[in-house]
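Single-structure report; data block below.
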Amino acid sequence: MNHLHLEIIRPRGREPLVFEPRRMINAGYVGRDQSAVRHHIEELQREGVAPPPMVPMLFPMQCTLVTTAPCMETVEKRTSGEVEFVLIVLKDRILVGIGSDHTDRSLETTDILKSKQACPNMLGLTVWDYEDVRIHWDRLELRSWVRDSPSHDWRLYQNATVASILAPEQIMDLVRTRVVDHLLDDTIIFSGTIPVVGGAVIYGMRFRCELADPVLHRALECTYSIVHLGYLQPQLNSLRT
């Protein structure tokens, strides 16, 4: 099983947490503004991704595919991250983290679910107690940056408040209605993302995202490198065809 070693940051101190997810779900197309949702769908269509059969969408994920590691490996070069807030639902409390639903964009054009299973979900090491941010939730800010190469600067990739995404209670209610037993204990939920600045998907070598709290003056961060597994001779790749 997958044991995540996290740290809960609260205004009055820190608390270690070892969390073993029982289920993991990636949400998609969860914008409060339906025009923004359509804009994101159009972004994906430009990449060859068919519109979803329903909105919002929920994707079941293997629990072993979430990691706090600083590096991820990919088979394909056309992969990219997506900034998302992350809900960790325990029996007696809800925690909020920051992460990235990293996706294989080549595979996404034929099978969205498999494209998400092809890459891990990246998660920051620190989380907040939802009760500490619930009152001012809509003021929290999501951002991400991409770095193309070591010689390039970070480029702002996504930037919006969480008010552009369904609220945590709405997302949890949605998940509860769609899971067969209606239970959320020990479930980790990736919220779905926000539009890309400029509308163009970037395939970089480094991805950084944050959830900023302008009220309590703090931020959660997740940063990782993307390593393409290109160390075998090219002719061996013909086994895929």
Inset, instruction - Not counting sequence neighbours, which residues clear side chain to side chain contact (heavy atoms under 4.5 Å, CB included) with Pro120? List them please. - result: Thr67, Met72, Met122
Inset, instruction - Scan for salt bridge (charged side-chain N to carboxylate O under 4.0 Å, His left out) pairs involving residues 18-28, sequence neighbours excluded, and state none if there are none. - result: Arg23-Asp181
Determine all donor-acceptor pairs shorter than 3.5 Å in which one atom belongs to a side chain in residues 183-195; sequence neighbours excluded.
| unit_1 | atom_1 | unit_2 | atom_2 | d |
| --- | --- | --- | --- | --- |
| Asp186 | OD2 | Lys91 | NZ | 3.2 |
| Thr187 | OG1 | Leu184 | O | 2.9 |
| Ser191 | OG | Phe85 | N | 3.2 |
| Ser191 | OG | Phe85 | O | 3.2 |
| Thr193 | OG1 | Val83 | O | 2.8 |
| Thr193 | OG1 | Gln158 | NE2 | 2.7 |

Legend entry - Qualifying salt bridge (charged side-chain N to carboxylate O under 4.0 Å, His left out) pairs with a residue from residues 149-168, counting only residues at least two apart or across chains: Asp148-Arg155
Inset, instruction - Mind listing the closest non-hydrogen atom pair of Ser80 and Tyr203 along with its distance? - result: CB-CD2, 4.2 Å
Distance-only check: which donor-acceptor pairs under 3.5 Å involve side-chain atoms of residues 5-14, not counting sequence neighbours?
| unit_1 | atom_1 | unit_2 | atom_2 | d |
| --- | --- | --- | --- | --- |
| Glu7 | OE1 | Arg14 | NH1 | 2.9 |
| Arg10 | NE | Asp132 | OD2 | 2.9 |
| Arg10 | NH2 | Asp132 | OD1 | 2.8 |
| Arg10 | NH2 | Asp132 | OD2 | 3.3 |

Legend entry - Partners meeting side chain to side chain contact (heavy atoms under 4.5 Å, CB included) with Pro70 (sequence neighbours left out): none
Legend entry - salt bridge (Lys or Arg N to Asp or Glu O under 4.0 Å) partners of Arg176, counting only residues at least two apart: Asp173
Legend entry - Contacts of Phe207 that satisfy ring pair (Phe, Tyr, Trp, His ring centres under 6.0 Å) - sequence neighbours left out: Tyr224
Inset, instruction - Apply ring pair (Phe, Tyr, Trp, His ring centres under 6.0 Å) to Tyr130 and list each qualifying residue two or more places apart in sequence or on a separate chain. - result: Trp137
Inset, instruction - Return the set of residues passing side chain to side chain donor-acceptor pair (under 3.5 Å) with Ser225 (not counting sequence neighbours), or none when no residue passes. - result: Arg206
Legend entry - Lys/Arg N to Asp/Glu carboxylate O, Arg105 vs Glu82, below 4.0 Å: yes
Inset, instruction - Using the salt bridge (charged side-chain N to carboxylate O under 4.0 Å, His left out) rule, collect all pairs that involve residues 133-143, keeping only residues at least two apart or in two chains. - result: Arg32-Asp138, Glu131-Arg134, Glu141-Arg143, Arg143-Glu210
Legend entry - Side-chain hydrophobic cluster, 4.5 Å single linkage: members besides Val18: none
